[in-house]
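Heads up, the thing below is written out as C-alpha cells.
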There are 2 protein chains.
Amino acid sequence: MTADRPRTLRDVAAELGISAKTVSNAFSRPDQLSPQLREQVLATARRLGYPGPNPLAAGLRRGRVGAIGVAYDNGLSYAFDDPVAVALLAGVSAVAEPAGAGLLLIPGSTDGRRRLAAVSGAVVDGLLVVSTGDDDPLLAAAVARGLPLAVVDQPRPDRLAALGAPGTPWVGVDDRAAAAAVAGHLLALGHRRLAVVSFGMHRDPIRPGLAGERVQAAATYAVTRDRLAGYRDAVERAGLDWASVPVWHGGDSTPAVGAAGAEAVLATDPAPTALLCLSDRLAEGALAAAAGRGLRVPADLSVAGFDDAGPAAGLRLTTVRQPTRDKGGAAARGLLDRIAGRPAPPPRVLPAELVVRATTGPAPVS
Amino acid sequence: MTADRPRTLRDVAAELGISAKTVSNAFSRPDQLSPQLREQVLATARRLGYPGPNPLAAGLRRGRVGAIGVAYDNGLSYAFDDPVAVALLAGVSAVAEPAGAGLLLIPGSTDGRRRLAAVSGAVVDGLLVVSTGDDDPLLAAAVARGLPLAVVDQPRPDRLAALGAPGTPWVGVDDRAAAAAVAGHLLALGHRRLAVVSFGMHRDPIRPGLAGERVQAAATYAVTRDRLAGYRDAVERAGLDWASVPVWHGGDSTPAVGAAGAEAVLATDPAPTALLCLSDRLAEGALAAAAGRGLRVPADLSVAGFDDAGPAAGLRLTTVRQPTRDKGGAAARGLLDRIAGRPAPPPRVLPAELVVRATTGPAPVS
DNA sequence: CCTGCGTGCTTCATCGATGAAGAAGACGGG
DNA sequence: CCCGTCTTCTTCATCGATGAAGCACGCAGG
C-alpha cells in the first residue's frame with residue numbers, strides 16, 4: 001500500500017528527480033517547460049495520486065483565490081427563502097460565473113461574534129455586502145479586511161465614505177422616489193387613511209408595534225428610512241398629516257410578519273383603507289390577513305408591496321419593480337473590477353417603477 | 001501617511017517588541033497570554049490597521065478554511081433559477097450555517113476545462129457534488145482532490161464506489177419507485193396512451209427529440225434512467241408495451257423545454273392523453289403548451305410532474321413530492337461529519353410520495 | 001572563435017500564519 | 001531552601017506553493 005498522506009509538488013518532483021518548481025510549471029505555466037517533460041510530470045502526478053497544486057497554498061503565494069464573498073445582513077438560510085435575495089444572488093452569479101469566480105456565501109449567526117468572525121475569516125478576494133444597517137459591525141469588519149468591497153442597497157455611499165470606504169462600488173435604487181410613487185398612486189385613488197407595514201428598522205430585534213416619527217427617523221436601515229420618507233413625501237404633498245398614518249414595524253421580511261402587521265394596523269381606528277407594505281413578502285401576509293378578516297381586495301382594502309419579486313405577479317400585487325437581478329450583477333461587476341485593479345465604477349442608481357396590478361383600487365366610499 | 005502595504009502579524013509584533021506567535025495567540029488563543037498583553041496587542045493591531053490573521057495563511061497552516069464547496073452539474077446561474085436547486089441550497093445552508101461553515105458555490109462553465117479547474121482550485125474543506133452524470137469528469141476531479149465528499153442524487157452509491165469513492169455520504173430518493181407511482185396513478189385513471197417529457201439524458205447537449213430504448217438505457221444520468229425505468233415498470237405492469245410510449249428528451253429542466261417536449265409528443269399519433277414530465281418545471285411548460293393548444297387539463301389531457309417544488313402547488317400540479325430541502329441538509333450533515341473525521345453515514349434514501357392534485361383526471365372517453 | 005540570446009530547468013526566498021517544544025520567572029508545598 | 005508546576009512568552013520548523021533571478025546549454029550571426 002502506498003502511504004496515504006496527501007501528495008505534494010515535492011513528492012512528484014522527487015519521483016522524477018526534478019525540481020518542484022518545474023512540477024509547478026507543468027500545472028500552471030505549460031509554456032515554461034518542454035511538452036515531453038510536462039506529459040511525464042502529469043503522468044507521474046496521476047500515478048502518485050497528486051491532485052494538482054493545493055489551491056490554498058497557491059492562493060497564499062499568488063494573493064488570489066478566485067472567489068468573492070457575499071455577506072448578507074440576515075443569515076443564509078433566510079436568504080434562500082427570500083425571493084429577493086435569491087434573485088440578487090442569481091444576478092451576482094451570472095456575472096461571477098463567466099469570470100470564473102466562485103461565490104462564497106458567508107454564514108450569518110445570531111451570535112454577533114461569530115457573525116463577524118465569519119467575515120474576518122472568509123477566504124476570498126473581495127466582499128460583496130448586501131443590505132446592512134448603517135452601524136452594522138459587519139460592515140466595519142468587511143472594511144477592516146482591506147479587501148475590495150462592493151455594497152448593495154445600504155448603507156448609502158455617503159455613509160460608506162464615513163465608514164472609511166469611500167469609492168466603494170455601490171448599487172441601489174431611489175427608494176424614496178419609488179415609495180413616493182406607490183403612495184401617490186394610492187392617494188390618487190382617493191385613499192385618505194393609509195397605513196404602513198414595515199420590516200425592522202434596526203438590526204436589533206424589537207418588539208413589533210407602531211413606530212413614532214422619532215423611531216422612524218432613527219432607523220439604521222437606510223432603505224427603510226428612505227421608503228418611509230418617500231411615503232411621507234407623498235402623504236404630505238396630498239395635504240395629509242404623516243403623524244396620522246400608523247407605521248407598524250416588525251422583524252424580517254416574511255409573510256408571517258406582514259400578516260401580523262396588517263392585523264395590527266387594521267385594528268386601529270379609523271381603520272385604514274390602504275396598506276403600504278415595504279416588501280412583497282410583507283404584502284403577501286397582509287393579503288392573507290385581509291382575506292382572513294373577510295375584506296375584499298381591492299374593494300374594501302388596497303394593498304401595495306415593494307420589490308416585484310417572487311409571487312408578486314401571481315398575486316396580482318401592485319408594487320414597485322426593482323431590478324434586483326441587475327443590482328446583483330452590477331455589484332458583482334463593480335467588485336470584480338476592483339479586484340482586477342480597475343477603477344471603481346461610480347455609485348449606480350438603477351431604475352425602479354410602479355407596477356399597478358389588481359390589489360389596489362379606488363378608496364371605498366365609506 | 002502610513003505605508004499602505006497590508007499589515008501582518010510580524011508588523012504588530014515588531015511594534016510591540018514581542019514575538020509573532022504571541023500576537024497570533026492574542027487573536028486565536030486568548031487563554032495563552034495575559035489579558036493585559038492581549039488587550040495591548042489588539043489595540044496596537046487596531047491602531048496599525050491590522051485586520052487580524054490572514055485566513056488564507058491560517059488555513060494553509062491549519063488545514064482548514066471553514067467552507068464547503070458545492071459543485072452543481074449545471075452552472076450556478078441556472079441553479080438560482082431552478083426552485084429545486086434553491087431548495088437544496090437552502091437545506092445545505094441551514095445545516096452549514098449553524099456549523100459556521102461557508103458555502104462556496106463553484107462556478108460552472110461551458111468550457112469543460114475551466115469547469116474542472118474550478119473544482120480543482122476551490123478553496124474548501126469538502127465538496128458537495130450535486131446531481132452529476134455517471135461519467136462526468138467533474139466527479140473525477142472532485143474525487144481526485146482527496147477531500148471529504150458527499151453526493152446528492154447521482155451518481156448512485158454503487159457508481160461512486162466504482163469511481164474510487166466508496167463510503168461517500170449519499171442522499172437521494174427512490175426515483176424508480178416514485179416514478180412508478182405517478183405512472184401507476186395515471187394508468188389507474190384509465191389512461192392508455194402515455195407520453196414522457198424528459199430533460200437531458202447525458203451531459204452533452206443533444207438534439208431534442210424522441211429517444212428510443214437504446215438511448216434510454218444509455219442515459220448517464222442515473223436519475224433520468226431510474227425515473228424512466230419506473231414509468232416503464234408501471235406501464236408493463238399494466239400490460240402495455242413500453243415501446244409504444246413516446247419518450248421525448250430535451251435539454252435543461254425548464255418550462256421552455258417542457259413546452260417544446262409537450263408539443264412534440266402531442267403531435268404523435270395517436271396523441272397521448274397523459275404526460276409524464278420528469279420535473280415540475282417541465283410540467284409547467286407542458287401545461288402552457290396544452291393551454292396553447294386549447295386542451296383542457298385534466299379533461300382532455302392529464303399532466304404530472306416530479307419534485308413538488310416551486311409553483312407546483314400553485315399550479316395544482318399532480319407530482320411526486322421530494323424532500324429536496326432535507327436532501328440538502330442530510331448531505332451537508334454527512335459532509336460535515338466526514339470533515340470532522342466522524343464516520344460517514346450510510347447512503348440515505350429519503351421518502352418521496354405521490355401528490356395528487358388537479359392536473360390529472362380520468363382518461364377522456366375517446 | 002566569440003558574442004548574444006532564447007530555451008529549459010534550478011535555486012532561493014517568500015507568502016502569513018500556527019503547532020510543538022522549550023525557556024524564564026512566579027508560586028506553592030514540603 | 002529546593003523542587004515541581006503553572007503561566008507566559010519565545011524559538012523553530014513547517015504548511016504547499018510560486019515569483020524572481022540565475023545557470024547551462026544550444027544555436028545563429030558576425
Side-chain angles (χ1 to χ4, degrees), chain A residues 5-42 44-45 48-66 117 120-125 144-147, chain B residues 5-42 44-45 48-66 117 120-125 144-147:
Chain A
R5 174 180 58 83
R7 303 303 186 153
T8 76
L9 275 186
R10 322 192 79 81
D11 297 324
V12 179
E15 180 79 8
L16 285 168
I18 60 177
S19 80
K21 183 69 227 241
T22 298
V23 177
S24 167
N25 284 336
F27 284 95
S28 318
R29 323 233 350 220
D31 57 317
Q32 295 295 301
L33 74 175
S34 66
Q36 307 90 289
L37 182 53
R38 180 171 134 92
E39 259 326 304
Q40 213 179 332
V41 169
L42 296 184
T44 308
L48 294 184
Y50 172 67
N54 180 326
L56 199 47
L60 173 58
R61 186 65 244 242
R62 283 207 254 256
R64 277 293 170 77
V65 294
S120 305
V123 178
V124 293
D125 297 330
R145 283 293 297 270
L147 293 175
Chain B
R5 173 181 58 83
R7 302 302 186 152
T8 76
L9 275 186
R10 321 191 79 83
D11 297 323
V12 179
E15 179 79 8
L16 286 168
I18 61 177
S19 80
K21 182 70 226 237
T22 298
V23 177
S24 167
N25 284 335
F27 284 96
S28 317
R29 321 226 1 213
D31 57 317
Q32 295 295 301
L33 75 175
S34 66
Q36 307 90 285
L37 182 53
R38 179 170 136 92
E39 259 326 304
Q40 214 179 333
V41 169
L42 297 183
T44 308
L48 294 184
Y50 173 68
N54 179 326
L56 199 48
L60 173 58
R61 187 63 243 240
R62 281 207 257 255
R64 278 293 171 76
V65 295
S120 305
V123 179
V124 293
D125 297 330
R145 283 291 299 268
L147 292 175

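Side-chain atoms are counted along with the backbone in the values below, which use heavy atoms only and exclude waters and symmetry mates. Per chain, numbering begins at 1; letters A, B, ... match sequence-line order.
Rounded to whole Å, atom C1' of dA17(D) lies 14 Å from atom CZ of Arg29(A). One can place CG of Asn25(B) at 11 Å from C1' of dT10(D), the figure rounded to the nearest angstrom. Rounded to whole Å, the distance from CD on Gln32(B) to C1' on dC6(D) is 12 Å. Rounded to an integer number of Å, the gap from Arg7(A) CZ to dA17(D) P is 12 Å. Distance Arg10(A) CZ to dC12(C) P: 12 Å, rounded to the nearest Å. Summarising the geometry, the separation between CG on Leu33(A) and P on dG8(C) is reported as 8 Å, rounded to the nearest angstrom. One interatomic measurement links the two molecules: CG of Leu60(A) to P of dA17(D), which rounds to 12 Å at whole-angstrom precision. Atom CD1 in Ile18(A) sits roughly 11 Å away from atom P in dT11(C) (whole-Å rounding).
Comparing dG19(D), dC9(C), dC15(D) by their nearest atom to the side chain of Leu37(A) picks out dC9(C). Among the nucleotides dT11(C), dT18(C), dA17(D), the one closest to the side chain of Lys21(A) is dT11(C). The side chain of Asn54(A) approaches dA17(D) more closely than any other nucleotide in the set dC9(C), dA17(D), dA13(D). For Ser34(A), counting side-chain heavy atoms from C-beta on, the closest listed nucleotide (dT18(C), dG19(D), dG8(C)) is dG8(C). Closest to the side chain of Ala57(A), from the set dA20(C), dA17(C), dG16(D), is dG16(D).
When all heavy atoms are compared, the tightest approach of Ala26(A) to Val41(A) is CB-CG1, 3.5 Å. Looking at every heavy atom in both residues, Ser120(A) comes nearest to Pro55(B) through O-CG, 3.3 Å. Of all heavy-atom pairs between Tyr50(A) and Thr8(A), the closest is CE1-C, 3.5 Å.
For dT10(D), one of the phosphate oxygens OP1 or OP2 lies less than 4.0 angstrom from a side-chain nitrogen or oxygen of Thr22(B). At dT18(D), one or more side-chain N or O atoms of Ser24(A) fall inside 4.0 Å of OP1 or OP2 (strictly under the cut-off). Phosphate proximity of dT18(C) to Ser28(B): present, with a side-chain N or O under 4.0 Å from OP1 or OP2. Residue Arg61(B) places none of its side-chain N or O atoms closer than 4.0 Å to OP1 or OP2 of dT14(D).
Side-chain contact check for Lys21(B) versus Ser24(B): some heavy-atom pair is nearer than 4.5 Å.
Between the Thr44(A) side chain and the Gln40(A) main chain, a donor and an acceptor come within less than 3.5 Å of each other.
Between Arg62(B) and Ser19(B), the residue anchored nearer the 5' end of DNA chain D, judged by the nucleotide with its closest heavy atom, is Ser19(B).
Phe27(A) comes within contact range of no nucleotide atom at all, as no heavy-atom separation falls under 4.0 Å.
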